[in-house]
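Since the structure is predicted, the reported quantities are computational estimates derived from the model, not experimental observations. Positions are given from 1 along the sequence.
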Amino acid sequence: MERIDLFTTIEITDFRGFRQLKLEGLQRVNLVVGLNNAGKTGLLEAVVLACDPNKWPALPGLLRSTSGNPGSRFLRWLVRDGATGEAEVCVASGGRRVVVKIGRDTHQGVAIADTKGWGACQVISVQMRKPEELVHVYARAARLQSGEEQIQALLHAVDGRVKKVRVDVGDDGSHLLVDLGLSEMIPLSQAGQGLNRLVAILSEIIGEKPQVCLLDEVENGLHYSVYEEVWTGIAEAATLMNVQVIATTHSRECLEAAHRAFSRRDPYDLSVVQLFRVEGGPQGRVLDKKLIAAALAGDIDLR
């Protein structure tokens, strides 16, 4: 598959806590790791603005819990404290390069240049969807031509028991049912955490058709035993829909599961972005398959 929609490099200057960061070698799926306050959420916020600068009014509530006036309490802190000029985020691949400049504004807290971004970006909530919310997310995707078939094909590729998913409207409201080859279809809520999370992620990817999908704390609410299942589904969806995924995790088990899931695929389309704090601000490096395997085998802590 052609990869023209994927950016392979991101450069950040004076944004959030980053003084200067350059990451090269990004893949279709990228897992960001690092200690608390290493810049993981700030990196995702930079990607949001690089993809769609017009999303800045929504940025305060996308990835953080905030309160008060968004201009003074949040947006004014997008430009690094002590920076004398604008912040800048650049994503690039091959001959294509997109640069977004972020300046200070006394009224709104931030001033962003009128720049066309890389493409549509979808932030998927870290919270497990309530059953009634998941019905609406799934139905939106299923209404698209072949949307329902795509979700069911991806689910079946991950778990061969899955035959179909349907919306059931009853006296007690609308519910999602899944056919697992039992005597009758069962409520999706009874089919396990992994399948529930996969339906939510796949429905948002297929329903919204983003070019870039962000998953902050991808393991949130999941038992470690389903991590590999979820990563297999994410990998399948990213390839089918030509989506670039950037996820964060604090879990070594989640990282190991991602490595196992992608090791079964050709190509191995995963990179690990390790962020760490040094004097002067966060820095990072991008690890490919060989370095990821070596780090895990050597029991090096990548979280």
J.: Please tell me if the side chains of L63 and V123 come closer than 4.5 Å, counting only heavy atoms from C-beta onward.
T.: yes
J.: With a 6.0 Å cut-off (strictly less than), is the heavy-atom count around CZ of R73, excluding the residue itself, greater than 12?
T.: no
J.: Would you give the length of the straight line joining atom CD1 of I12 to atom CG of L23, rounded to the nearest 0.5 angstrom?
T.: 7.0 Å
J.: Within a radius of less than 6.0 Å around CZ of R161, do more than 12 heavy atoms belonging to other residues, nucleotides or ligands occur?
T.: no
J.: Output the distance between atom SG (C121) and atom CG (D52), rounded to the nearest 0.5 Å.
T.: 8.0 Å
J.: Quick check: are there more than 12 heavy atoms from other residues, nucleotides or ligands sitting under 6.0 Å from CZ of R97?
T.: no
J.: May I ask you to decide whether R140 forms a salt bridge with E204, counting only side-chain N to carboxylate O separations under 4.0 Å?
T.: no
J.: Give me the atom names and distance for the closest heavy-atom approach of S271 to N30.
T.: OG-OD1, 2.6 Å
J.: Out of H259, K290, Q27, which one pairs with Y268 under the side-chain hydrogen bond (donor to acceptor under 3.5 Å, both in side chains) rule?
T.: H259
J.: Would you indicate whether F276, at its atom CZ, is surrounded by more than 12 heavy atoms from other residues, nucleotides or ligands within a distance under 6.0 Å?
T.: yes
J.: Starting at CD of E86, measure out to NZ of K101 and round the result to the nearest 0.5 Å.
T.: 6.0 Å
J.: May I ask you to test the L134-L188 pair for a side-chain heavy-atom distance under 4.5 Å?
T.: yes
J.: Please give me the minimum heavy-atom distance between V165 and L155, naming the atom from each residue.
T.: CG2-CD1, 3.7 Å
J.: So if you build clusters from Ile, Leu, Val, Met, Phe, Trp, Tyr with side-chain heavy-atom gaps below 4.5 Å, do L296 and F262 land together?
T.: yes
J.: Between S251 and E219, does the side chain to side chain donor-acceptor pair (under 3.5 Å) criterion hold? Intermediate values first, please.
T.: CA-CA 7 Å; S251 165; E219 78 279 8; 5.4 Å; no
J.: Compute whether any side-chain donor of one residue and acceptor of the other, for Q283 and R19, lie under 3.5 angstrom apart.
T.: no
J.: Taking atom CG of L49 and atom CG of L78, what is their separation to the nearest 0.5 Å?
T.: 6.5 Å
J.: Given I246, which of D216, V218, L214, L215 fulfils the side chain to side chain contact (heavy atoms under 4.5 Å, CB included) condition?
T.: L214
J.: Answer yes or no: is there a side-chain heavy-atom contact under 4.5 Å between K40 and L275?
T.: yes
J.: Answer yes if L154 and L177 sit in the same cluster of Ile, Leu, Val, Met, Phe, Trp and Tyr residues linked by side chain heavy atoms under 4.5 Å apart, and no otherwise.
T.: no
J.: Can you name the nearest heavy-atom pair linking A50 to V91, along with the distance?
T.: CB-CG1, 3.9 Å
J.: Between V199 and Y138, which heavy-atom pair has the shortest distance, and what is it?
T.: CG1-CD1, 4.2 Å
J.: Establish, from distance only, whether the side-chain atoms of R265 and T239 form a donor-acceptor pair under 3.5 Å.
T.: yes
J.: Centre of W118's six-membered ring, under 6.0 Å away, within 45 degrees of the axis: is that where NZ or CZ of R96 sits?
T.: yes
J.: Run the salt bridge (Lys or Arg N to Asp or Glu O under 4.0 Å) test on R143 and E148 for me, step by step, so that the C-alpha distance in whole Å, both residues' side-chain angles and the decisive distance to 0.1 Å come before the verdict.
T.: CA-CA 7 Å; R143 283 193 292 269; E148 188 172 47; over 6 Å; no
J.: Does the pair L31 and V273 meet the rule for a side chain to side chain contact (heavy atoms under 4.5 Å, CB included), with working shown?
T.: CA-CA 6 Å; L31 185 54; V273 178; over 6 Å; no
J.: Applying side chain to side chain donor-acceptor pair (under 3.5 Å) to T9 and E24, what does each step give before you reach the verdict?
T.: CA-CA 4 Å; T9 300; E24 298 179 285; 4.5 Å; no
J.: Evaluate side chain to side chain contact (heavy atoms under 4.5 Å, CB included) for E88 paired with I102, printing each intermediate quantity in order.
T.: CA-CA 6 Å; E88 184 175 289; I102 304 104; over 6 Å; no
J.: Hydrophobic cluster membership, with links at side-chain heavy-atom distances under 4.5 Å among I/L/V/M/F/W/Y: are V167 and V162 in one?
T.: yes
J.: Do R16 and R80 come within less than 4.5 Å of each other through their side chains, counting heavy atoms only?
T.: no
J.: With a cut-off of under 6.0 Å to the ring centre and 45° to the axis, is R197 in cation-pi contact with Y227?
T.: no
J.: Could you tell me which non-hydrogen atom of I124 sits nearest to which non-hydrogen atom of I205, and how far apart they are?
T.: CD1-CG1, 4.4 Å
J.: Side chains of R264 and T232: donor-acceptor distance under 3.5 Å anywhere?
T.: yes
J.: Taking C-beta and beyond as the side chain, do N36 and H250 meet within less than 4.5 Å on heavy atoms?
T.: yes
J.: What about I151 and I186, same hydrophobic cluster or not, with Ile/Leu/Val/Met/Phe/Trp/Tyr joined at side-chain heavy-atom distances under 4.5 Å?
T.: yes
J.: Determine whether more than 12 heavy atoms belonging to other residues, nucleotides or ligands lie under 6.0 Å from atom CG of D105.
T.: yes
J.: Could you state the interatomic distance from CG (L44) to CG (L62), rounded to the nearest 0.5 Å?
T.: 10.5 Å
J.: Could you tell me if the side chain of E11 sits less than 4.5 Å from the side chain of V89, heavy atoms only?
T.: no
J.: If you define the side chain from C-beta out and look only at heavy atoms, does anything of F15 sit under 4.5 Å from V79?
T.: no
J.: Taking only Lys NZ, Arg NE, NH1 and NH2, and the carboxylate oxygens of Asp or Glu, determine whether D179 and K163 approach each other closer than 4.0 Å.
T.: no
J.: Test R28 against Q244 for side chain to side chain donor-acceptor pair (under 3.5 Å), laying out the working first.
T.: CA-CA 5 Å; R28 179 173 296 282; Q244 187 165 17; over 6 Å; no
J.: Let me see the working for R166 and Q152 under side chain to side chain contact (heavy atoms under 4.5 Å, CB included), right down to the final yes or no.
T.: CA-CA 10 Å; R166 290 287 185 271; Q152 291 174 171; 2.9 Å; yes
J.: Is there a path of hydrophobic side-chain contacts, each under 4.5 Å between heavy atoms of I, L, V, M, F, W or Y residues, that connects M185 with L195?
T.: no
J.: Do R76 and Q108 touch side chain to side chain, with heavy atoms closer than 4.5 Å?
T.: no
J.: Can you measure from CD (Q122) to CD1 (I201) and round to the nearest 0.5 angstrom?
T.: 12.0 Å
J.: Testing the basics here: between E229 and D159, what is the closest heavy-atom pair and its distance to 0.1 Å?
T.: OE2-OD2, 4.4 Å
